[in-house]
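Since the structure comes first, as structure tokens, the remarks are kept for the end.
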Amino acid sequence: MSRCQFVEDHQRRFGVTRLCSLLGIARSSFDYWRRTAPHRLARQTAEAELATRIRKTHQDSDGTYGAPRITAELCEEGGRP
């Protein structure tokens, strides 16, 4: 758990300013973390989908494909690997 997530989880009870001060993070850093949460979620989702594609490609090759061949295979399927 990140410090910002801790502040998010406990802000109603203790207040954001107080928690940020105690944890040694700037309030602006916490605000930035909150503002960029949708982008982080989208990236995590995309990375999870890519990991699934990589595992499937590796399994389909009976474990013989390494990183270069998996990358080439994903490029051939279309999209960015």
Side-chain angles (χ1 to χ4, degrees):
M1 174 188 298
S2 73
R3 292 182 290 171
C4 290
Q5 184 63 54
F6 183 84
V7 173
E8 177 79 14
D9 294 344
H10 296 89
Q11 67 180 338
R12 286 193 175 156
R13 184 169 181 190
F14 299 106
V16 172
T17 305
R18 182 175 184 192
L19 288 169
C20 287
S21 175
L22 289 171
L23 295 173
I25 59 174
R27 170 69 190 256
S28 59
S29 296
F30 173 72
D31 291 337
Y32 175 79
W33 178 85
R34 278 174 101 179
R35 228 179 14 257
T36 59
H39 300 290
R40 277 193 313 279
L41 180 60
R43 183 173 180 165
Q44 289 171 346
T45 302
E47 287 178 355
E49 290 171 2
L50 177 60
T52 302
R53 289 176 59 203
I54 290 170
R55 282 188 203 96
K56 183 181 180 317
T57 302
H58 187 67
Q59 288 173 349
D60 290 349
S61 72
D62 295 323
T64 59
Y65 281 10
R69 290 176 90 182
I70 289 175
T71 301
E73 184 79 23
L74 293 176
C75 288
E76 286 178 14
E77 289 177 5
R80 194 172 135 230

Val16, Leu22: one ILVMFWY side-chain cluster at the under-4.5 Å cut-off?
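Hydrophobic grouping puts Val16 apart from Leu22.
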Count I, L, V, M, F, W, Y as connected when their side-chain heavy atoms are under 4.5 Å apart, and connections chain through other members. Are Ile25 and Tyr32 then in the same cluster?
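No; tracing contacts between hydrophobic side chains, which count when under 4.5 Å, never links both residues.
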How far does [atom1] of [X] sit from [atom2] of [Y], to the nearest 0.5 angstrom?
X     : Y     : atom1 : atom2 : value
Thr57 : Glu77 : OG1   : CD    : 5.0 Å
Ser29 : Arg34 : OG    : CZ    : 13.5 Å
Gln11 : Cys4  : CD    : SG    : 11.5 Å
Tyr65 : Thr71 : OH    : OG1   : 12.5 Å
Ile70 : Lys56 : CD1   : NZ    : 12.0 Å

Ignoring hydrogens and angles, tell me if any N or O in the side chain of [X] forms a donor-acceptor pair with the backbone of [Y] under 3.5 Å.
X     : Y     : result
Ser21 : Thr17 : no
Thr36 : His39 : no
His58 : Ile54 : no

Please work out which of the three classes, parallel, tilted or perpendicular, describes the rings of Trp33 and Phe30, given edges at 30° and 60°.
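The arrangement is parallel - the two ring planes meet at less than 30°.
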Salt-bridge contact Asp31-Arg27 (side-chain N to carboxylate O under 4.0 Å)
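Here Asp31 pairs with Arg27 in a salt bridge, since their nearest N and O are under 4.0 Å apart.
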For atom CZ of Arg13, decide whether the heavy atoms of other residues, nucleotides or ligands shown that lie under 6.0 angstrom number more than 12.
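Counting neighbours around CZ of Arg13, 12 or fewer heavy atoms of other residues, nucleotides or ligands fall under 6.0 Å, so no.
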Considering non-hydrogen atoms only, spot the tightest contact between Cys20 and Ala26 and give its length.
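Looking at all heavy atoms of both residues, the closest pair is SG-O, 4.4 Å.
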Does Arg43 have any side-chain hydrogen bond (donor to acceptor under 3.5 Å, both in side chains) partners at least two apart in sequence or in another chain, and if so, which?
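Arg43 satisfies side-chain hydrogen bond (donor to acceptor under 3.5 Å, both in side chains) with Glu47 once adjacent residues are dropped.
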Please name all residues satisfying salt bridge (Lys or Arg N to Asp or Glu O under 4.0 Å) with Asp9, sequence neighbours left out, ordered by chain then number.
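Partners of Asp9 by the salt bridge (Lys or Arg N to Asp or Glu O under 4.0 Å) criterion come out as none, since no residue qualifies.
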For the residue pair Leu19 and Arg3, establish whether any side-chain heavy-atom pair is separated by less than 4.5 Å.
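Side chain of Leu19 against side chain of Arg3, heavy atoms only: no contact under 4.5 Å found.
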